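Single-structure report; data block below.
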Amino acid sequence: MSIKLLRQAFNGRQALTPMWQHHALKDRYEVVIIGGGVHGLACAYYLAKNHGINDVAVLEKRYIGSGGSGRNTTIIRSNYLTPEGVLFYDESVKLYEDLSEELDFNVMFSQRGHLTLAHTDASLRTMRWRAEVNQLQGVNSSVIYPDEIKKLAPYMDVSDRPRYPVMGALYHPPGGIVRHDAVVWGYARGADRRGVHLHQETEVTGIEVEKNRVTAVQTSRGRIKTGTVLNATAGWCSLIAGMVGLKLPVETRPLQACVTEPLKPFLDTVVVSGTLHFYLSQSDRGELVMGASVDPFTSYSQDSTLSFVEGLAGHVLELFPSLAQVRLLRQWAGLCDMTPDYSPIMGFTPVTGFLVDVGWGTYGFKAGPVSGKRMAELIATQHTPDLIAPFSYDRFLAGRLVGEKGAASVGH
Ligand SMILES: Cc1cc2nc3c(=O)[nH]c(=O)nc-3n(C[C@H](O)[C@H](O)[C@H](O)COP(=O)(O)OP(=O)(O)OC[C@H]3O[C@@H](n4cnc5c(N)ncnc54)[C@H](O)[C@@H]3O)c2cc1C
């Protein structure tokens with residue numbers, strides 16, 4: 001392996017094998033997936049691998065992973081609140097556990113444990129509730145108290161000095177972080193190798209519908225005839241749905257994050273505080289990856305702001321005062337497609353052939369594998385798998401919302 005790498009270094013870029021191929025746009029595909037993020041790519045991969053359907057195009061207006069899939073803070077967990085949510089995300093954690101082997105690509109999944117801190121009686125009560133629901137579904141999750149928290153995060157101040165002292169935490173050992181780019185690239189390569197066409201810099205500009213049935217997609221590179229379109233565009237999903245006249249109960253909001261200079265490893269778990277509105281983890285390179293809640297307005301802007309880092313830093317320093325001299329390396333933002341019940345919208349819609357895998361808000365990266373697998377099953381069988389049935393579009397018409405208060409670890 002090392003000789004191959006050396007040879008590649010000296011031979012220049014020519015020697016590198018591309019991860020996926022460039023194809024001419026065909027004028028017809030059996031399935032068109034809009035969005036080259038983890039959801040669209042995973043669906044394409046499982047369609048080809050599990051169902052032998054590879055006449056599939058993934059259309060991406062920029063480059064693979066340029067949306068939320070390349071901008072997230074990579075937290076994976078299944079300690080949700082609703083039984084529907086816990087079962088669903090638990091299947092994703094299990095798929096993540098085997099993903100490096102599945103894709104033959106190291107996705108660096110590090111199950112280092114996840115702490116959701118409680119600073120009030122009310123949040124401690126919710127943590128106990130979540131622990132009960134988790135345990136009933138067989139998910140490893142329990143409430144622990146400051147002395148145990150101190151052992152897991154020795155540099156965190158669990159005394160009664162902070163403005164909101166830590167009273168307890170929901171501890172979820174299988175939770176952790178992953179290398180997000182590797183997941184996206186692994187699925188893209190896997191789909192490409194099975195015959196799927198990945199088209200970057202191909203923007204969908206319109207969708208043709210005849211007698212309430214999808215017939216074609218218009219793109220910046222030409223028209224494609226198809227009977228099946230999957231909208232996997234997260235922050236842009238309402239714009240795509242609007243092309244078939246469908247209104248989604250989704251608001252797009254920016255979510256910001258930032259990363260510090262690398263530090264000697266000192267934090268082995270993911271730490272989240274809903275009350276202080278921040279979370280952080282230490283990457284394998286030693287950087288602290290930090291985030292907070294969505295911006296308090298709807299927007300398609302991916303700009304980042306000084307007020308975000310000022311607020312975040314103040315809150316982080318409440319619990320980690322020793323980080324006061326640490327410098328920020330960079331900050332960024334992505335778009336989040338928020339639903340009223342903090343659960344996704346998956347499956348069929350009133351427009352025949354127009355499917356959705358959207359509503360991923362601030363929490364959709366962890367769901368990439370299970371959504372891809374189950375949406376592929378839905379497309380192949382034309383039946384909604386039980387696991388994703390609670391997240392159907394028509395729940396908003398029938399008033400069957402899945403109030404997922406455990407969706408974002410920080411406040412919504
Ligand atoms: C800062 C931040 C931190 C986050 N942290 C976490 C976390 O720790 N854990 C977690 O689980 N989730 C997290 N998320 C949420 C997660 O990133 C998203 O829910 C997830 O990546 C959505 O994936 P996707 O494949 O559905 O969409 P995306 O990755 O956003 O892909 C959609 C793609 O559609 C493309 N597109 C849009 N319009 C068109 C068009 N007209 N034609 C063609 N292509 C189009 C876009 O260019 C984009 O690449 C975070 C998000 C952000 C922004």
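First listed ligand is number 1; within each ligand, the first listed atom is number 1. Model, not experiment: these values are computed from the prediction.
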Quick note, side chain to side chain donor-acceptor pair (under 3.5 Å) partners involving residues 40-51, not counting sequence neighbours, are Tyr45-Glu102, Tyr46-Tyr187, Lys49-Glu102

Can Glu208 and Lys225 be counted as an ion pair, charged N to O under 4.0 angstrom? no

Does the plane of the ring in Trp360 sit parallel, tilted or perpendicular to the ring in Tyr89? Use 30° and 60° as the thresholds. perpendicular

Listed pairs under 3.5 Å, donor-acceptor, residues 163-175 side chains, sequence neighbours left out:
| residue | atom | partner | partner atom | Å |
| --- | --- | --- | --- | --- |
| His172 | ND1 | Asn140 | O | 2.9 |
| His172 | NE2 | Ser78 | N | 3.0 |

Report the residues that fulfil ring pair (Phe, Tyr, Trp, His ring centres under 6.0 Å) with His383, sequence neighbours left out, ordered by chain and then residue number. none

Counting only N and O atoms by type, is there a donor-acceptor contact under 3.5 Å from the side chain of Arg395 to the main-chain atoms of Ser392? yes

Can you pull the residues with any heavy atom under 4.0 Å from ligand 1? Ile34, Gly35, Gly36, Gly37, Val38, His39, Leu59, Glu60, Lys61, Ser66, Gly67, Gly68, Ser69, Arg71, Asn72, Thr73, Thr74, Ile75, Thr202, Glu203, Val204, Ala232, Thr233, Ala234, Trp236, Ile240, Leu255, Ala257, Tyr279, Gly334, Trp360, Gly361, Thr362, Tyr363, Gly364, Phe365, Lys366

